[in-house]
Structures are given as C-alpha cells and as structure tokens.
Peer 1: 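Can you read through this structure? Questions will come right after.
Each residue takes its place number in the sequence, starting with 1.
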Amino acid sequence: MMVLTKKMIEIRNILARIGQSSTLTLPSIVVIGSQSSGKSSVLESIVGHEFLPKGSNMVTRRPIELTLINTPGSRLEYGEFPDLGLGKITDFSSIQRTLTELNQAVSEAQCVSDDPIRLSISSPNVPDLSLIDLPGYIQVVGQNQPLELKQKISELCDKYIQAPNVILAISAADVDLANSTALRASRRVDPRGERTIGVVTKMDLVDPTRGAAILNDKQYPLRLGYVGVVSRAPPTTALFKKGDSNLTSAITKNENAYFSSHPLEFGSGADVAVGTTTLRKKLMHVLEQTMSGSLQGTSDAIRQELEEATYEFKVQYNDRPLSAESYLAESLDAFKHSFKQFAEEFGRPQMHELLKNELDQRVLDLLAAKYWNKPIYDLSIPPPEPDSLADLPKADPDSLYWRRRLDASSSALTKLGVGRLATNVIASSIQSHVDGLIGQSTFVNHPFARQAITEAASSILNDRFYSTSDQVENCIKPFKFDIDMEEREWNAGRDHAQVVLKKELHACEGAFKDLETTVGGRRKLREVINFIDKARKGDVVVEGEGQTGAGGFSASLLAKGREAVFLRDRADIIKMRLLAVKSKQCANMKNKYHCPEVFLDAVATKLASTAVLFLNVELLSEFYYNFPRELDIRLGRHLSDDQVEKFAKEDPKIKKHLEVIKRKELLELVLEKMDSLRQLEGRERERAKRN
Ligand code: GDP
C-alpha cells in the first residue's frame with residue numbers, strides 16, 4: 001500500500017498552494033542530530049546524491065522541506081525548488097550550491113530562520129518520502145557565533161518535532177547515547193518513544209560488540225527501534241560523485257561489507273536492524289503508517305476549512321462565481337458598451353460646437369488685435385457723440401483702409417492653422433472623454449488597465465493626427481482666397497456674434513467684480529481707477545511707480561487697477577459693438593466692413609463646418625472603428641494568464657473574492673482525493689484481514 005505516501009504528498013502540495021491561511025499539515029519525518037553526527041550523510045545515502053551544504057561553519061540555517069518522489073520507469077533524476085521557479089535541476093552540485101546560497105542569505109545576527117526551503121527530488125531511485133532537515137544541534141558556541149545560537153536552534157527544532165511528525169534522531173556510535181542531544185530532544189516531546197526512530201551512525205568506528213549493544217539499548221527504548229548505519233561513502237566514490245552515479249549503492253556495498261564481516265553481532269540471529277536499505281524501508285513504512293493514522297484527522301480538518309470557505313463565499317459573495325478572466329471580460333464588455341453609448345452621442349454637431357467655440361475665441365482675439373485696440377470711433381467718420389455710440393460709422397465701403405483691415409482679419413483667421421487646431425481640439429476631447437469613461441468604469445481601480453486604455457486611444461489618435469490635419473487644412477484652402485457668403489450665413493453670423501459678445505461681456509464684468517473683491521471693495525478699486533484715468537490724461541504725474549507705488553497706492557494695487565481699467569474699457573467697447581451688431585446697418589451684408597464681428601463669425605462657422613466633414617471621416621469614424629479592436633488587443637487575448645490574474649487582483653475586493661473561490665476549489669479537490677484514499681485504505685485493510 002505504498003501509494004498512500006505518494007498521494008498524501010500530492011495532497012500536501014495542493015494544500016501548500018492554498019497558502020498561509022491554511023493551518024493544515026500532513027506528517028513528515030523530521031531529521032535532528034548534533035553537528036557532525038552524520039545527519040547529512042544519512043540523508044544523502046537515502047537520496048543517492050551529495051546535495052546538502054557542506055562546511056565547518058554551521059551550514060544549515062533554514063529548515064529544508066525535502067520531498068522525495070519516486071518516478072519508476074523514468075531514468076531522469078532531478079531536483080526542483082518550487083518557490084524559486086528555476087525549473088528542473090539535474091546537476092546535484094548545482095542544487096547544493098543553491099542550498100548553500102539560500103542558507104547563507106540568513107544573516108549571522110538572525111542565526112537561524114524558520115522559513116523553510118522547499119526542495120523536491122524526483123528519481124526512480126528514491127522512495128516516496130517527506131523529510132525535513134533541520135540545523136544540527138551545537139554543543140559549544142563557536143568563537144564567531146552569537147551566544148543565543150544554541151538556544152535558537154533548539155527552539156526551531158522543537159517547533160518541528162511536534163506530533164504528528166515522526167522524529168528521526170541521529171546519534172553517532174562513538175558518542176554515548178546518554179549524551180545524544182537528538183534523543184534528549186525527542187524524549188521531551190515523545191517521552192514514551194512512540195514516534196521516534198533512532199539512527200546510530202558511524203557504526204564502523206566502534207567495536208562491533210559495543211555497536212550491537214547500542215542498537216539493543218534498553219535505557220532509551222523506542223517502539224520504532226534503532227537502525228545502525230555506516231553512511232560514509234568509501235573514498236572511491238569521489239571518482240564518480242557527479243553524473244548518474246548512485247551514492248546509495250556505493251554506500252550500501254561498503255556498509256554490507258562491514259556488517260557481513262561481523263555476522264555474530266549483526267547477522268540475522270543477532271536481532272538488530274542495520275543498514276541504509278533497512279532504514280529506507282523503515283522510513284517508508286513508518287511514514288505510510290503515520291499518514292494513514294492521520295488520514296481521518298486531516299480529512300476532518302480539511303472539511304472544516306472547506307465549510308468556513310463555503311460560508312464566507314456565501315455570506316460575503318452571495319455564491320457569485322468569478323474568475324480573473326471572466327472579471328476582465330465583463331469589465332471590458334461594460335467599458336466597450338459605455339464607449340458605444342458615447343459614440344452615439346458624440347458626432348458632427350458636437351464636434352462642430354467644440355470647434356466653433358475654439359474659433360470664437362480666436363475671432364475675439366483677432367477683433368481685439370485689429371479693431372478694438374484703438375478707440376473704436378476710429379471706425380466712424382466723424383466720431384460719434386458718447387451717447388450715440390450705436391450710430392455706426394459711415395465707413396466708406398470703397399475705403400481701402402477698411403477693406404484691407406477686414407481682408408487681413410479674415411486671412412489671419414483662415415490661415416491660423418485650422419487643420420491642426422481642429423484636429424487637436426477633437427483629439428483632446430476624445431481623449432478626455434475616454435478618460436471620463438475609465439473613471440466611471442471598474443477599470444478605475446486598475447492602473448494597468450487604465451494605462452492600456454489611455455494608450456490605446458492615444459495611439460490611434462496619434463496615428464491619424466497628421467493625415468487628418470493635412471486633409472482638413474487642404475479642404476479649407478479655398479477660404480483663404482475667396483469667401484463667398486450667403487444672406488442666410490450672414491444672418492446666422494449676426495445672431496451668433498451677439499451671443500459671443502454677450503458671453504465675453506459677461507466674462508469681463510465677472511472678472512471686474514472679482515477684482516473688486518480682491519482689492520477690498522468697490523470704493524477702493526474706483527479710487528485706483530480714477531487715479532489711473534487722471535494719470536492717463538496727464539492730470540497727475542505718476543512718479544516712482546515702482547515698489548512703493550504712486551499716488552499712495554501700492555504697486556500691486558496699481559497693477560490691479562490697470563487690469564480693472566482694461567476690463568472696463570473692453571466691456572465698454574463690447575457693449576458698443578453689441579449695439580452696432582444689433583443695429584440695422586449690420587443687418588445688411590453690404591456693410592460688412594463696419595461689422596467685422598458678424599463677418600468673422602460667419603467665416604468661422606464655414607471653417608468649422610468644412611473641417612467637421614473631414615474630421616468625421618478621417619478621425620472620428622476611424623477611431624470608433626479601431627478603438628474597441630485596440631482594446632481587445634491590449635486587454636484581451638494577448639494577455640497571459642498571469643497578467644490577467646495580476647490585473648484582477650489589483651482590486652483588493654476582487655482579489656479577496658478570487659482567493660476565497662480558489663481556496664474553496666482546492667479544498668474540494670483535496671477532500672475528494674482524501675475520501676478516495678480512505679476508501680482505498682479501507683479496502684486494503686479488509687483484504688489484509690481476509691488473508
Ligand atoms: P552532519 O554534520 O551531522 O551533517 O554530519 P556529516 O554527515 O557531515 O558527517 C560528519 C563527518 O562524519 C563527515 O566527515 C563524514 O564523512 C563522517 N561520517 C558520517 N557518517 C559516517 C560513518 O558512518 N562512518 C564514518 N567513519 N564516518 C562517517
């Protein structure tokens with residue numbers, strides 16, 4: 001019935017995947033012994049290879065959880081460190097090096113660590129066993145070793161030699177058993193000697209009669225008995241240490257030669273257990289028995305853990321199934337859905353509005369630069385009375401001056417780089433809409449996905465940017481030479497220019513109010529403004545207008561005052577121009593030379609409409625088509641399982657949810673395996689009874 005240990009080892013590996021939270025353990029054989037008692041030699045004779053760290057200075061500082069896996073039918077022998085991901089290592093000296101490094105990583109100050117190194121060795125020549133090698137007990141603390149080292153090793157060993165583990169207590173034959181630290185330690189936790197196997201090494205170093213007497217020891221009786229071994233390899237093995245040599249056979253040959261040369265003491269009549277082969281068999285048998293004995297208890301413990309996990313799953317997650325892949329797929333679907341909705345709502349009219357707004361600002365800048373920077377009555381001949389500003393200039397339509405001014409303005413507008421401007425406005429709007437969609441999606445908690453989506457959008461937009469802006473620039477080209485305007489367009493421009501001017505007026509008045517608040521009141525601001533106005537007319541002299549300011553006003557107050565004057569003047573001009581735009585004169589397209597606001601607004605509308613036609617084809621439709629595909633590429637099938645898992649676990653809630661499900665699944669799997677093992681074991685027992 002040697003399958004039990006193998007199956008249990010499999011189960012233990014599954015349990016290890018459940019992680020820290022699980023307190024489930026399965027019995028192992030724990031190997032303890034003083035330094036130089038021959039502990040490593042015994043382990044290596046079982047494995048058949050030299051693989052343990054060697055050296056005079058305390059070499060084992062961490063427990064080594066050694067799993068031996070018998071692989072009949074395979075010739076390959078290899079070790080694996082499941083936590084390191086180094087793959088299969090067939091060179092045992094490389095395993096030895098890795099173990100040495102892992103041990104040396106524990107600092108001198110820390111002495112020993114209870115974080116185990118997991119190592120599994122698969123070979124047709126090893127039995128199925130689960131062993132734990134612990135640091136050797138030390139008798140005397142060395143010169144460079146911390147004082148508490150002895151204590152710490154002892155504590156670490158005590159942790160591992162608890163039930164249900166089997167203790168393999170190694171003592172050397174040339175040391176009195178009464179002085180064996182290993183046996184003394186085992187006695188503390190196993191006083192009746194129920195689960196301790198005594199191994200007496202270096203049998204060749206004592207007189208055979210004395211050796212046999214040690215194995216028959218009655219002072220420390222052990223139910224599982226003592227086994228005597230000679231586990232030092234004969235010197236010749238040094239020749240074939242590496243490669244496919246088997247240390248076990250060399251040792252057993254040597255050992256057999258020794259024991260059979262003393263038949264009286266060690267022969268079949270002597271009733272003592274000797275030899276590495278005997279030890280191996282005993283270990284397998286004892287572990288199998290122990291595993292079998294712990295089957296029921298372990299099953300119960302697993303069942304209980306499973307119940308807890310099931311309960312948590314029900315109460316906290318409403319039994320809602322979830323996997324990293326389904327989570328990603330659902331999140332992606334939801335995101336694409338929200339994008340589709342956005343795509344339905346964002347089209348030509350929305351682009352037109354965005355673009356027109358942008359152009360309106362440029363038109364305002366142009367008006368300010370070309371017209372409003374001078375006293376506006378320059379436009380009129382003769383200048384109007386202050387309260388009849390609405391009476392508009394009778395600017396002669398044939399006047400070259402006003403013609404040139406308007407031509408220059410509209411040319412500045414058509415040549416400002418509409419292609420780039422328009423593409424930029426729309427691309428940044430799309431990008432910020434995408435950011436908004438991310439913000440409302442489950443991806444908001446996933447930095448990785450957020451970046452992937454943002455990049456998906458920007459890569460498409462960047463790809464299309466230059467060709468789109470070129471196309472747009474090309475198609476507005478005719479407006480640079482000639483602007484053909486219809487009555488209807490003029491009228492729409494007139495209406496809209498009023499809207500824009502009103503908005504601007506509002507903004508000026510708002511900013512003016514804000515200034516009043518910042519300087520500390522309306523009166524204060526008016527005083528500064530009066531001062532500046534007078535200074536402008538030359539009524540007062542503004543001297544020393546530096547740090548200290550002039551007229552008793554501080555420099556910063558004067559600066560605010562000048563800002564206020566600017567805003568006031570601009571508001572005045574805009575008010576006047578609003579009246580002009582509303583006036584009858586501006587209703588007539590022929591008077592375009594004194595209604596630049598209307599004319600430029602209508603031009604801006606033409607530019608926006610034309611640009612939008614091309615933006616729609618070149619940028620928007622392309623984006624709508626490619627974006628979902630790009631998302632699939634970046635967040636869909638191209639991600640590895642690990643990446644998907646990492647993604648899902650970025651959200652702590654999802655992480656917990658996934659972990660509960662995984663724990664539950666693994667526990668179910670383990671329980672199923674345990675149940676079938678118990679049935680198998682029951683049948684075996686029945687059969688044994690019958691025979
Ligand atoms: P550890 O410190 O307990 O791991 O002990 P080692 O396995 O390193 O052995 C200590 C020393 O004892 C080494 O020099 C071994 O070669 C030697 N040794 C181990 N087993 C035997 C044995 O059965 N007979 C003899 N003569 N020497 C042994």
Side-chain angles (χ1 to χ4, degrees), residues 3-30 63 65 67 82-83 114-118 120 130 132 156 158-166 189 195 287 290-331 442 445-446 641-642 644-682:
V3 288
L4 184 63
T5 303
K6 200 183 199 67
K7 297 270 176 214
M8 291 291 262
I9 286 173
E10 269 173 37
I11 287 172
R12 202 191 50 183
N13 288 342
I14 302 174
L15 287 176
R17 281 168 54 205
I18 296 176
Q20 303 279 306
S21 66
S22 173
T23 48
L24 302 170
T25 46
L26 289 172
S28 279
I29 297 171
V30 179
E65 278 188 21
T67 305
D83 302 320
D114 57 4
D115 176 26
I117 300 170
R118 295 197 297 141
S120 71
S130 154
I132 299 170
L156 174 62
D158 281 356
K159 234 165 108 176
Y160 275 89
I161 58 182
Q162 304 301 328
N165 285 340
V166 175
V189 291
R195 53 185 180 90
L287 188 59
T290 312
M291 292 271 192
S292 147
S294 72
L295 214 52
Q296 183 66 51
T298 313
S299 279
D300 290 348
I302 290 172
R303 202 177 308 267
Q304 194 173 339
E305 279 232 358
L306 178 59
E307 264 166 31
E308 273 162 33
T310 310
Y311 181 75
E312 192 183 343
F313 183 49
K314 189 183 183 68
V315 171
Q316 303 219 12
Y317 302 100
N318 225 346
D319 284 336
R320 195 161 63 82
L322 183 74
S323 69
E325 302 86 66
S326 69
Y327 174 67
L328 175 58
E330 275 168 31
S331 311
T442 42
N445 293 321
H446 298 279
D641 289 353
D642 281 351
V644 174
E645 179 109 3
K646 203 173 139 230
F647 154 79
K649 288 187 173 171
E650 278 176 343
D651 185 334
K653 268 203 240 139
I654 299 297
K655 181 174 178 211
K656 273 192 81 186
H657 191 168
L658 288 174
E659 278 170 357
V660 168
I661 293 182
K662 187 172 163 205
R663 221 170 95 213
K664 202 170 139 280
E665 281 170 2
L666 288 174
L667 286 167
E668 274 161 358
L669 177 69
V670 166
L671 202 60
E672 211 173 279
K673 282 180 181 265
M674 294 286 276
D675 283 347
S676 71
L677 260 188
R678 274 170 49 212
Q679 281 171 14
L680 189 72
E681 216 223 355

Peer 1: In Å and rounded to the nearest 0.5 Å, what is the OH to CG distance from Tyr327 to Asp651?
Peer 2: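 Result: 4.5 Å between the selected atoms.
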
Peer 1: Using modelled atom types only, decide if a donor and an acceptor are shared between the side chain of Thr310 and the backbone of Leu306 within a distance under 3.5 Å.
Peer 2: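 Such a contact is found between Thr310 side chain and Leu306 backbone.
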
Peer 1: For the atom pair CG (Leu680) and OG (Ser292), what is the distance rounded to the nearest 0.5 Å?
Peer 2: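 Taking CG in Leu680 and OG in Ser292, the distance rounds to 11.0 Å.
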
Peer 1: Look up atom CG in Leu671 and atom CD in Glu305, then write down how far apart they are to the nearest 0.5 Å.
Peer 2: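 Leu671 CG to Glu305 CD: 11.5 Å, rounded to 0.5 Å.
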
Peer 1: For Ile302 and Met674, run side chain to side chain contact (heavy atoms under 4.5 Å, CB included): C-alpha distance rounded to whole Å, both residues' side-chain angles, the deciding distance at 0.1 Å, then the answer.
Peer 2: CA-CA 9 Å; Ile302 290 172; Met674 294 286 276; 4.1 Å; yes

Peer 1: What are the two closest heavy atoms between Ser294 and Thr298, and how far apart are they?
Peer 2: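 Heavy atoms of Ser294 and Thr298 come nearest at O-OG1, 2.6 Å.
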
Peer 1: Could you walk me through whether Glu65 and Ser28 pass the side chain to side chain contact (heavy atoms under 4.5 Å, CB included) check?
Peer 2: CA-CA 9 Å; Glu65 278 188 21; Ser28 279; over 6 Å; no

Peer 1: Taking the side chain as every heavy atom from C-beta outward, state whether Leu667 and Glu308 have any atom pair closer than 4.5 Å.
Peer 2: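 Sidechains of Glu308 and Leu667: no contact.
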
Peer 1: State whether a side-chain donor-acceptor pair under 3.5 Å links Thr290 with Arg195.
Peer 2: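 Side-chain D/A pair, Thr290 to Arg195: absent.
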
Peer 1: With a 3.5 Å cut-off and no angle check, do the side chains of Thr67 and Ser120 form a donor-acceptor pair?
Peer 2: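 There is no such pair between these side chains.
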
Peer 1: Can any side-chain N or O of Glu650 pair as donor or acceptor with the backbone N or O of Lys646 at less than 3.5 Å?
Peer 2: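 Not a single qualifying donor-acceptor pair exists.
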
Peer 1: Hydrogens and angles aside, do Gln296 and Asp300 bring a side-chain donor and acceptor to less than 3.5 Å of each other?
Peer 2: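 A pair is found: one side chain offers a donor N or O, the other an acceptor, under 3.5 Å apart.
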
Peer 1: Nearest 0.5 angstrom please: Ile14 CD1 to Leu669 CG, how far?
Peer 2: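 Ile14 CD1 to Leu669 CG: 4.5 Å, rounded to 0.5 Å.
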
Peer 1: Can you tell me how far OG of Ser299 sits from CD1 of Ile11, rounded to the nearest 0.5 angstrom?
Peer 2: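 Going from CD1 on Ile11 over to OG on Ser299, the span is 8.0 Å.
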
Peer 1: Could you pull out the closest heavy-atom pair between Leu295 and Met8, with the gap in Å?
Peer 2: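 The answer is CD1-CE, 3.4 Å.
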
Peer 1: Within a 6.0 Å radius of atom CD on Gln304, are there more than 12 heavy atoms belonging to other residues, nucleotides or ligands?
Peer 2: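 Counting neighbours around CD of Gln304, 12 or fewer heavy atoms of other residues, nucleotides or ligands fall under 6.0 Å, so no.
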
Peer 1: Drop me the distance from Leu4's CG to Leu677's CG, to the nearest 0.5 angstrom.
Peer 2: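 Atom-to-atom, Leu4:CG and Leu677:CG are 5.5 Å apart.
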
Peer 1: For the residue pair Ala309 and Arg663, what are the closest heavy atoms and their distance?
Peer 2: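 That would be CB-NH2, 4.2 Å.
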
Peer 1: Check Pro27 against Pro164 and note the closest heavy-atom contact, atom names and distance.
Peer 2: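 Here Pro27 and Pro164 meet closest at CB-O, 3.7 Å.
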
Peer 1: Applying the side-chain contact (heavy atoms from CB on, under 4.5 Å) test to Ile161, which of Val166, Ile132, Val189 qualifies?
Peer 2: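 Single side-chain contact (heavy atoms from CB on, under 4.5 Å) partner of Ile161 among Val166, Ile132, Val189: Val189.
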
Peer 1: What closest approach, in Å, do Lys314 and Asp319 show between heavy atoms, and which atom pair accounts for it?
Peer 2: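 Shortest heavy-atom separation between Lys314 and Asp319 comes out as CA-OD1, 3.4 Å.
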
Peer 1: Can you tell me how the ring of His657 sits relative to the ring of Phe313, calling it parallel under 30°, perpendicular over 60° and tilted otherwise?
Peer 2: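 The arrangement is tilted - the two ring planes meet at 30° to 60°.
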
Peer 1: Looking at Asp114 and Tyr160, what are the two nearest heavy atoms and their distance?
Peer 2: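 Distance-wise, the nearest heavy atoms are O-OH, 3.8 Å.
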
Peer 1: Taking the basic N atoms (NZ, or NE/NH1/NH2) and the acidic carboxylate oxygens, is any pair closer than 4.0 Å for Glu668 and Lys664?
Peer 2: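 Salt bridge between Glu668 and Lys664, a charged N being under 4.0 Å from a carboxylate O: yes.
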
